[in-house]
J.: 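Once you've had a glance at the structure underneath, I'll fire off some questions.
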Amino acid sequence: MTEPTVTARGEATVPGRPDHGVWTITVGALDTTPDAALGEVGTRSEALEAVLGELGVAAEQRSSTGVTVREEFDYADGKQVHRGFRAQNVVTVRLADHAVAGKLLQASIEKAKAEVRGPVWWIAPDNPARIEACKRAAAEARRKAEAYAEALGMRLGSVAEIREASGGGGIPMPRARAMTLAAADTPIEVDPGELNVEAQVQVSFRLEA
């Protein structure tokens, strides 16, 4: 005889502070020749590297796509107009210290004439908010299962199976606040606030008479 079980789904949402933010910094230049555009981007990239060094941004906290150059065109009166050559260097920076982020934004704009986009806020897998969300989701699943068991005149037994529900599973997703800065006249303050961490779990319990 098949052992009777009851399966219940638990969900929970817990607010948590992000562990780090990811910023995309673009240094670009448009000029009449590839060499001129590359030279300008090289100079600005060196300035950006100096900014990152001054702020103590470690090598493992940043990555670069490398410098690229391409022709750029516009259209006027139905005709293609050659504008020149655009060179770009895109650097991604991951920061855990939100206080440093404001300084990075302002210095990148002022000293490297860069365009900054971001941040994308991340909550790490071991963030306390994620652990708490998992606990609350599991507790809710148990409460539901107990209610079903009681309605059937039975008692809840041991756990037969537990799995994170697809599409949730308590894995924090990145949240983005769009911000593009071309100039900065005043100090920039960065506050990540709180994000909602969601957890979903499906638990099967054995039923006892």
Side-chain angles (χ1 to χ4, degrees), residues 1-26 56-65 90-105 116-181 188-209:
M1 182 176 178
T2 304
E3 184 180 41
T5 61
V6 60
T7 300
R9 181 188 181 101
E11 301 179 359
T13 301
V14 175
R17 293 277 292 182
D19 293 283
H20 64 263
V22 178
W23 306 82
T24 302
I25 306 173
T26 302
V57 179
E60 60 269 21
Q61 294 176 264
R62 44 176 143 149
S63 61
S64 174
T65 60
V90 180
V91 179
T92 301
V93 178
R94 186 181 75 256
L95 293 176
D97 186 347
H98 310 310
V100 174
K103 298 177 182 178
L104 172 65
L105 300 182
V116 183
R117 293 180 181 270
V120 174
W121 296 118
W122 283 90
I123 291 183
D126 59 351
N127 187 289
R130 179 187 188 276
I131 304 303
E132 180 62 24
C134 291
K135 291 180 179 179
R136 293 186 187 184
E140 182 185 81
R142 174 174 283 278
R143 284 194 297 270
K144 287 182 177 179
E146 287 175 341
Y148 293 140
E150 182 179 350
L152 296 171
M154 306 184 77
R155 293 182 295 107
L156 210 62
S158 60
V159 173
E161 183 181 43
I162 181 169
R163 65 175 64 181
E164 287 185 317
S166 59
I171 301 175
M173 299 298 292
R175 305 293 177 86
R177 290 179 181 177
M179 184 191 307
T180 303
L181 307 173
I188 301 168
E189 294 185 2
V190 177
D191 182 5
E194 291 185 328
L195 302 180
N196 285 332
V197 181
E198 299 178 355
Q200 300 175 2
V201 67
Q202 184 172 291
V203 187
S204 296
F205 297 87
R206 296 180 178 86
L207 292 175
E208 300 175 353

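Because the structure is a prediction, the values reported are computed rather than measured.
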J.: Heavy atoms only: give me the nearest P119-G21 pair and the separation to one decimal.
T.: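 Smallest heavy-atom distance, with atoms named: CB-CA, 4.4 Å.
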J.: For a 4.5 angstrom cut-off between non-hydrogen side-chain atoms, does L95 reach L104?
T.: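 Yes, at least one pair of side-chain atoms sits under 4.5 Å.
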J.: Under the side-chain contact (heavy atoms from CB on, under 4.5 Å) test, which residues partner H20, sequence neighbours left out?
T.: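 Partners of H20 by the side-chain contact (heavy atoms from CB on, under 4.5 Å) criterion, ordered by chain and then number, come out as V22, R94, A96, W122.
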J.: Could you pull out all residues at least two apart from T7 that satisfy side-chain contact (heavy atoms from CB on, under 4.5 Å)?
T.: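 Checked T7 against side-chain contact (heavy atoms from CB on, under 4.5 Å); matches are Q202, S204.
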J.: I need the full list of salt bridge (charged side-chain N to carboxylate O under 4.0 Å, His left out) pairs touching residues 13-26, with sequence neighbours left out, sorted by first then second residue.
T.: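 Checked against salt bridge (charged side-chain N to carboxylate O under 4.0 Å, His left out) - neighbours excluded - the pairs reaching residues 13-26 are R17-D191.
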J.: As a test of understanding, state which of R136, R130, E132 forms a side-chain contact (heavy atoms from CB on, under 4.5 Å) with C134.
T.: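 Answer after filtering R136, R130, E132: R130.
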J.: Going by side-chain contact (heavy atoms from CB on, under 4.5 Å), name the residues that satisfy it together with A58, two or more places apart in sequence or in a different chain.
T.: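 A58: side-chain contact (heavy atoms from CB on, under 4.5 Å) contacts with E60, Q61.
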J.: What is the minimum heavy-atom distance between A12 and A133, and which atoms define it?
T.: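 Closest pair (atom of A12, atom of A133, distance): CB-O, 3.5 Å.
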J.: List, one per line, each side-chain donor-acceptor pair under 3.5 Å for residues 141-160, sequence neighbours excluded.
T.:
| residue | atom | partner | partner atom | Å |
| --- | --- | --- | --- | --- |
| K144 | NZ | R9 | O | 3.0 |
| R155 | NH1 | E208 | OE1 | 3.1 |
| R155 | NH2 | E208 | OE1 | 3.3 |
| S158 | OG | R206 | NH1 | 2.9 |

J.: Holding to side-chain contact (heavy atoms from CB on, under 4.5 Å), I want the full list of residues that pass it with P15, two or more places apart in sequence or in another chain.
T.: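 By the side-chain contact (heavy atoms from CB on, under 4.5 Å) rule, P15 matches E194, N196.
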J.: Please name the residue in the list I123, I131, T13, N127 that meets the side-chain contact (heavy atoms from CB on, under 4.5 Å) test with V197.
T.: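 Output: one option passes, namely I123.
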